[in-house]
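Each remark here refers to the structure printed beneath this line.
Chain letters run A, B, ... following the sequence lines, proteins first and then strands; every chain starts at 1.
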Amino acid sequence: MSIIRLFFLCVLAIGFLYFPALLVFAKIAAPEKSLGSIVNGPDGKPVGSRLVAQAFISPGYFHPRPSAVDYNGQGAAGSNLSPTNPALAERAAAIAKSYDASAGNPISADLVTASGSGLDPDITLAAALYQIPRVGNARGITSEQLRSVIDTVKRPLMGKLGGPELVNVLELNLALDRISR
Amino acid sequence: MKTRSSLLDPHLLKGALIPSLRKLDPRIQWANPVMFTVYLGAILCSMQLFRSINLFELQLVIWLWFTVLFANFAEALAESRGKAQADALRSMRVTTPARKLVGNHETSVSASDLRPGDLVVCEAGDAIPSDGEIIEGIASVDESAITGESAPVIRESGGDRSAVTGGTRVLSDRIVIKVTSEPGHSFLDRMISLVEGSERQKTPNEKALGVLLVSLTLIFLLVTFTLPAFAKFLIEQGLGGQTPGFSSLVALLVCLIPTTIGGLVSAIGISGIDRLTRQNVLATSGRAVEAAGDVDVLLLDKTGTITLGNRQASEFIAAPGVDAKILAEAAQLSSLADETPEGRSVVVLAKQLFDIRARELAEPHATFVPFTAETRMSGVDLLSGGETRRIRKGAADSVKRYVESIGGNMPTEVSRNVDDISAKGGTPLVVVDGSRVMGTIFLKDIVKGGIRERFVKLREMGIRTVMITGDNPRTAAAIAAEAGVDDFMAEATPEDKMRRIKAEQQAGHLVAMTGDGTNDAPALAQADVGVAMNTGTQAAREAGNMVDLDSDPTKLIDIIEIGKQLLMTRGSLTTFSLANDVAKYFAILPALFIGLGATSGSAAGPLAALNVMNLHSWQSAILSAVIFNALIIVALIPLALKGVAYRPMDAASLLRRNLLIYGIGGILAPFPCLKLIDLTISGLHLV
Amino acid sequence: MHPFIPSLAFIVIALGVSWPLSRWLFRAVVPPAGIGRFDKVLATLLGKSALTSGSWKRYFIQLVGFNAVMFAVTWAIMSNQQHLPLNPDGQGPVDTSLVFNTTVSFVTNTNLQHYSGESTYSYLTQLTLMFLQFTSAATGIAAFFALARGLAGKKDMGGFPRDLARIVVLFLIPLAAIFSAGYILSGIPMTLEGAASVTTLEGLTQTIARGPVSAFLAIKQLGTNGGGFFGPNSTHPLEGAGIISNFLSLLAIPIIPMACVWVFGRIVGRPKHALVIAAVMSAFIVLKIAVATTGETSPTAAFANLPVAESPNLEGKELRFGATTGPLWSVLTTSTSNGSVGAMHNSLNPLTLLAPFSGMWLNSTFGGVGVGFINFFLFMIIAIFIAGLMVGRTPEYLGKKIEAREMALAAAAFIIHPLLILGGTALFAATSMGADTVANAGPRGFSEILYEFSSAAANNGSGLEGLGDGTTAWNIATGIVMLLGRYLPIVIPLAIAGSLALKPQVAESSGTLRTDTATFGLVTFAVILFLGALTFLPVALLGPILEHLMVPI
C-alpha cells in the first residue's frame, strides 16, 4: 500500500511542483526563448525560429545545410547514412556539382552533409563565403557588400571564448533582406 | 612414504595411459563441463566425418580427441602418483590374526573384525592390528612404514604418547591396546583413500572456479554459435564468402573455452594434496589445504618450533665473593650425572670456559642426586675425608627454600641475577655448595637457526605469528623478541589457547596451530587448520584436520605455502588460459570469414588484414590453433603437478608477478607457437 | 586543437562537479541523525511502515512493486492519450506494441524510442514519460544504495519507499530544477503551447514543434535516461540550442554515475577504493574518447574523390556544438547508459562506432545511475576472484569471502548481457525481422541490428537510427530484452550483497588482496577489457571493423 502512496507522492512532487514551477520560471525569466526563439520578419509576423533551420531554395538567399527531412519542424531527423554509404557520396556529388565545385575550389563540407536534426540553423563561415558568388549574382550586389553583411552576423562558436566562426542562416538572410530586396 | 617417484617417472607416465582412455566414459567427462564441451564437440565432428571426409576435418577431429585425452592424461598422471603410494600402504594392512583379549584370555581374531573398545595384545614382532590407545605397558614401535622415519619410537600408556597406529610394528615389550577405530576407517585406511584421491571432493574454491569456467564456456558457446547467423546476414547483403562450417566453429569454441585450466584443474587439486603428502603431512580433506592458504594467524608452541627443544648453559654468573671458576667447577660436578641436554651443556660450557675436564673431577665417592619433581633440584654428594659435600643446582625458588632450611641465605645479588636472566629469556639455575650459594647458571633457550627469517617472510605474506609458552611473561617476551614473533602468550594453558583461537576467529582471522596432547584436541578442532603431531595422542590426531607424520611443528609454514601455491596455480592457469584466447582469435576469426567482402576475383576479403601472424591458409590457421590448444595442456602438466613457483611476498607483489608471467606471457606466448605450428604443418603438407 | 584535449578537460571538470554532488546525494539519502525531518513527513504521508528497513529480498520486492505501478499507469495514459487532456497537437492513438515498447523503455530507464516524440505523443504522455525519467533513475540509485549497504556488511539493506522518496524529492527534483533553469535561460523552450506555425522568408509554411522541453531535458540527461522530447534527441536545435545548453547536457550525463562511486566509498568507508574504481572507469572513458575523437576527425570516406574541402566527419552533426561534442557525447552517453545523442550515431565513421559499442557492452564504466556501479561490481567480483586466486588466498571483497554461491550468481548475471545482445542479434540478423529493416547495407546494417540489441540490453536507448525499428517484432523483442536487462542485473547483485552481508568479516593483512591500490585497479581494468573483448570481438569484427576495412583506402 505504501508503494501506491509513494507513487502519488512522486506524482505530486514532479507533476505539481517541479513542472509548474519551471513553467512559471520560464514565463518570467525567458518569455521569448521559452516559446522557441521565434523571430519576426520586417512585417512583424513570425518568419521562423532563430534556432531552427528553414528551407532556402532561391539563389538570392544563403542556403542552409542539407536536411534529410526537408526542414520539417515537426519531424526532425538526420540522414542516418553511414559514411561508407554510396548514397552519401551521391548526394554530396550532386550538391558539389550545383556549386561547380572543383578540386581547386572545393565546397565546404558542411554544405554537403546533413545535420543530425536536419534543422541545423548554422553554416560555417567558409560555407557562407562559398555562396557569395551565387547570391551576389542573383541580387546584383557586390561581394564586399555581402561580405560585410556576413561579418555583422557571424559569431564565434564559443562566444567570447572564441572558436571557429558560424553564421546563422536565417539571421543572415534577414540582414540581407534589410540591405537589398 | 619417503620413497618417492620423480615428477615425471616414465613408469608413472605409462601407467597413466590406460586410465586416460578409461576416462572417456561420458559419466566421468560430465563432471568437468569445460572438457565435456570439447568431448561433445569431438563426438559431433567425428559423426560429421561419416558423411563427408577430408584431410583437414580429419586432422581437426583427431586433435579434438587429443585435447580430451591430454586432459584425461593430466588427471590420470596426478592420480597415479597417489595410487603408487596407496598400493604401498595397502600392503601394510595387517593380515595376520590379532590377539584379542577377552577377560583374561586371548583369542585369535581377524584384524578386520575388531571393533572400537576391543582390547588386543601386541608383543615384540607383532603388527599392531588397528588404531588404538595403549592402556597398559610400554613398547618401542617401528612406525617407519607410515612416517618413513627408521628410528623406533616409544609408546606408553597414559600421557601424550599413548596412540598407536594400525600397520606399525611392535619391536619390544608387550602392550595392551584398546581399539579406537571402526574397521575400514583406520588411519591407514584414511591415508590410502587420501593419497589415492578416491574420496576427492571439490573444494570450495575449486567449485567457485568451476562455476566461473562454466559461465565462460557458456558465453563462448554463445559467441561461437551465433556467428553463422551473422555470416548469413552479411552474405545475404551480398558480401560473398561462406558460412563457417560446423567443425570450424567447434574448433573456435574449443580454442576459446578455458580448456587449459579446465583440463588441468583436477590435476592441480590432486597434486596439491600430493605435495602435502610428500612433506609427510596428511590432510583429511582438500578443503583443509585450501584453508591453509587463507591462514593469517599461526599459533606456535615455543618449544620445538621456535626454540630447540633444549636449553643450553651459556654463562656462569658467580655470587659475590665466589670465583667464576669455582662456580663452574661446582656446576659441572652437579651436572656430571645429569644426562639431560641442559646438564650436558653445563659440563661442556665449564670445559670451554675454564678447561675443566670432566674426568679429572670424577671422584669415586660420589653419589648423584637425581632431579625430582618434589625438590626440583639435582646434584651430587661427594664423600671426601668423612665429610659430605653437597652440591645442588635448581630453580631459584627451590634453591632458596633449600638453602634457608639449612641455615644459609640467598644473596640479593644472586636474586637480582636470577631476575635478569629471566628477563633476557633465559632460565636461571642456582648452584649451591653446602649452604653457600655459589652463583647462577644462565640456561639459554636457543632459537632455531633461520626461524627469524621465516617469520619475516610470514609477515610479508600477511601472517601473524603468536608464540605459545608456559614460561613466565618476562622470559616469554625476551624469546619472542629474539625470535621475532609478532605476539606471545605466556603461562598459557590449553584453555587459554582455545580462548585465543576463538578471539582471533571472532576478529576475522583464520588460525592454524599444531598440537599433540589430548588437551590440545579441542583447540586443534577449533582452529581452521589444526596440525596434529603423529607422535601425539589419538584424540589429537582425530581432532586436527592434518597429521604431520614427522611431528615437526615448523612444517606448519610449509603447509601454508602449499595451500597458497594450490590456489595460485589455479588462478595463474586460469589467467593464462584466457590470455591465450587473444592469439587464437587472431588465428581463427580471419580464417572463418576469409571470403567475406572479397572483391571479385580475389579469394581473401578485407579481414585477411587481421591475419597478423601471416598463417599459411585458413585451414592451417584453424588447425594450428587447435593443435596449440591441445599441446599447451600437455606442456603445462608439469606446472600443474609442481605448482607455480611460490615466493613469500605480499599480495600486491605476488599479483604483479603472476600477472606479468601468466597474463602478459599468456597473451604473447601463443603467437610464436602458433606460427611455428603453422610452419610445421604447412611444411609437412598436412593442409 | 585535437578534440581529444577539450574532451579530457571536460572529464576532469565532470569528476570535479561529481564530488560535491556525491556529498549532496549521500546526505539526501542518509540523514545525519538517522531519521531526518523529511522522514517524519514521509511517515505521515506513506505510513509508518515506509520507514522500516529489511533484507534485500524485501527491498527488491518493493522496488519491483513500485515499477509495476509505474508501468500500469503509463500504459493506461499512453494508450488513451487521444481522450486525455494536454494534447494541443491532437496526437492520435498509438499501436499497442509501441505502447509496450515505450512503457518498458521508460520504466527501465532505457528510453529506447521507436517513435518520434513530437509527432507521436501528447504533452500528457510526454509528461508521464518525464515522470518515469525521475522514478526510474531513482529506482536505479535506490538499488545502488541497497547494494552498497549490503557490501558495507549491513544485513539490513534499507527500505525502498524511503530511499526512493528521498532520492526523488531531496536530490533529483532540485538538481533537475537547477539544470532546467539553465536550459530555459540558454534558449530551450518551456511551454505548453502547441507547435508554432510560421511563414518563411520564401513564403513557405513551417510548423515548428515545441513544448515543455527544458523540464524534460534536465532529467533526461541527469537520470541517464536519454529519451528525447524530439525525435533526433539533443541534436534538435530546440533540445540543444547552443554551446551553453550543450555543455550543460554533456555535464549532466556522467555526474550522477560518477557521484555514485564516491558515495559508495563513503558508505563502505573506503574512499581510496572508490578512487581506484573511479580511476578505472575514467581510464575506459578516456580510452573510448581517444578512439572516438580519432575516428571522427578522419574525413568522411564517401567524399574521398569529390571536390569537398577536407573536414572532420560532419554528417549527422550540428555545427553549433563544435567538433568535440559528437565523439565526446557518443562516448559519454553509451558509457553511462544515457542514450541521448548529440550527433547521429549511424553517421559516425566505422571505427568510431567501436567506442559507443564498447560503452554499451561493458555498461559499467560509470554506467547508468546506480546500476552502472552495480554492473561494475559484477566485473569486480570476477576480477577479484581471479586475482585473489593468483595471490594464493580465497578471494575476498571488502572482507567477505567470495565463494561458489556468489560466483554462481555473478556468473549468471554476467551471461545475461551477451546472451541478450548476441542472441537477439543472431535472431534478427538471420531473419527478415531484422534483415528487412536495416537502413544501410552490408556491415553497417549488421551494426544497426547489433546496436539496437546492445542498446536495449544495456538499457541505453540510443540507436543507429534509420533502422526500421517500429515493427511489432522489434517492439516486442527489444521490450523483453530491456526488461531482462534491467531487473536481472539488479536482483542478482543484490542477492550477492545479501549473501556477503551474512558472512563473517575476514581480517585484512598484507596477504590480502587490497582493493585500494593501483595494482588492483590495473587488474580490474584488464579483466573488464579482456572479458569484454573476448565476448564481443567477433561482432566488432563483422560490424565496424569489416566496414572500415571494406572501404578502399
Side-chain angles (χ1 to χ4, degrees), chain A residues 2-3 5-7 9-10 13-14 18-19 22 25-26 29-30 33-38 46-49 51-52 54-56 58 73-78 80-85 88-89 92-93 96 101-103 106-110 112-113 115-117 119-122 157-158 166 173, chain C residues 45-47 49-50 65-66 69 118-119 131 134-135 161 165 168-169 173 180 184-185 187 189-191 196 198 200-201 206-210 215 230-232 235-237 241 243 300-303 306-309 311 314-316 318-320 322 343-344 346 349 439-440 444 465-466 547 551:
Chain A
S2 65
I3 290 298
R5 289 199 209 171
L6 175 66
F7 182 81
L9 174 73
C10 292
I14 296 162
Y18 169 80
F19 189 71
L22 285 170
F25 175 81
K33 284 180 184 168
S34 68
L35 286 172
S37 306
I38 303 295
V47 292
S49 165
L51 292 174
V52 178
Q54 54 181 254
F56 286 103
S58 61
Q74 270 185 311
N80 295 314
L81 293 176
S82 160
T84 59
N85 195 321
L88 194 60
S102 64
I107 186 169
S108 176
D110 55 318
V112 298
T113 51
S115 73
S117 57
L119 298 176
D120 192 344
D122 301 314
L157 176 69
M158 290 187 286
L166 297 181
N173 286 334
Chain C
L45 294 177
L46 307 183
S49 70
F66 183 72
V69 176
E118 67 267 43
S119 56
F131 172 82
F134 276 99
T135 51
V168 168
V169 178
I173 287 183
S180 283
I184 289 168
L185 295 176
M190 182 67 199
T191 176
V198 299
T200 68
L201 291 181
Q206 188 185 29
T207 311
I208 300 168
R210 52 188 177 179
F230 299 106
T235 64
H236 194 291
I243 201 81
T300 311
F303 303 159
L306 295 176
V308 175
S311 109
L314 283 179
E315 184 69 23
E318 308 294 306
L319 294 177
R320 64 192 175 286
M344 284 299 147
N346 212 354
N349 280 330
N440 290 284
R444 178 63 67 129
E465 297 305 333
E547 186 185 2
V551 175

If I measure from the heavy atoms of chain A, does [X] come under 4.5 Å with its side chain, its backbone, both, or neither?
X        : result
C/Phe230 : neither
C/Ser49  : side chain
C/Ile184 : both
C/Ala301 : both
C/Leu46  : both

Does A/Phe19 have its ring centroid less than 6.0 Å away from the ring centroid of C/Phe134? no
Contact part of A/Ile38 toward chain C, heavy-atom cut-off under 4.5 Å: side chain, backbone, both or neither? side chain
Taking the side chain as everything from C-beta on, heavy atoms only, tell me whether A/Phe56 gets closer than 4.5 Å to C/Thr200. no
Flag the pair A/Val47 / C/Gln206 as yes when at least one side-chain heavy-atom distance between them is below 4.5 Å, and no otherwise. no
Verify side chain to side chain contact (heavy atoms under 4.5 Å, CB included) between C/Glu315 and A/Leu88, making sure each step is shown before the conclusion. CA-CA 9 Å; C/Glu315 184 69 23; A/Leu88 194 60; 3.3 Å; yes
Gap between atom CE of C/Met344 and atom CG of A/Leu81 - 0.5 Å precision: 12.0 Å
Roughly how far, to the nearest 0.5 Å, is the CZ atom of C/Arg444 from the OG1 atom of A/Thr84? 6.0 Å
Name the option with the most non-hydrogen atom pairs under 4.5 Å to chain A; the candidates are [options].
options                               : value
C/Asn440, C/Leu45, C/Thr191           : C/Asn440
C/Gly316, C/Gly47, C/Gly466           : C/Gly316
C/Asn349, C/Ile173, C/Thr300          : C/Ile173
C/Ala343, C/Ala196, C/Ala50, C/Gly322 : C/Gly322
C/Thr207, C/Ile208, C/Val169          : C/Thr207

Can you name the closest pair of heavy atoms from [X] and [Y] and give their distance?
X        : Y        : value
C/Leu306 : A/Ala89  : CD1-O, 3.5 Å
C/Pro161 : A/Ile3   : CG-CD1, 4.5 Å
C/Ala309 : A/Ser108 : CB-CA, 4.2 Å
C/Leu185 : A/Lys33  : O-NZ, 2.7 Å
A/Ala76  : C/Pro232 : O-CD, 3.3 Å
C/Ala165 : A/Leu6   : CB-CD1, 3.7 Å

Looking only at atom types and distance, does a side-chain atom of [X] sit under 3.5 Å from a main-chain N or O of [Y], one as donor and one as acceptor?
X        : Y        : answer
C/Asn346 : A/Gly78  : no
C/Glu318 : A/Ser117 : yes
A/Tyr18  : C/Ala215 : yes
A/Asp120 : C/Leu319 : yes
C/Arg210 : A/Gly36  : no

So A/Phe7 and C/Thr135, side chain to side chain contact (heavy atoms under 4.5 Å, CB included) or not? Walk me through it. CA-CA 9 Å; A/Phe7 182 81; C/Thr135 51; 6.0 Å; no
Can you name the side-chain hydrogen bond (donor to acceptor under 3.5 Å, both in side chains) partners of A/Ser34, sequence neighbours left out? none
Going by atom types only, do C/Ser119 and A/Gln74 share a side-chain donor-acceptor pair under 3.5 Å? no
Give the member of [options] that has the highest number of heavy-atom pairs under 4.5 Å with chain C.
options                             : value
A/Ala29, A/Ala30, A/Ala96, A/Ser102 : A/Ser102
A/Cys10, A/Ala103, A/Ala13          : A/Cys10
A/Val52, A/Leu35, A/Leu9            : A/Leu35

Between A/Ile107 and C/Val308, is a side chain to side chain contact (heavy atoms under 4.5 Å, CB included) present by the stated rule, with each step listed? CA-CA 5 Å; A/Ile107 186 169; C/Val308 175; 3.9 Å; yes
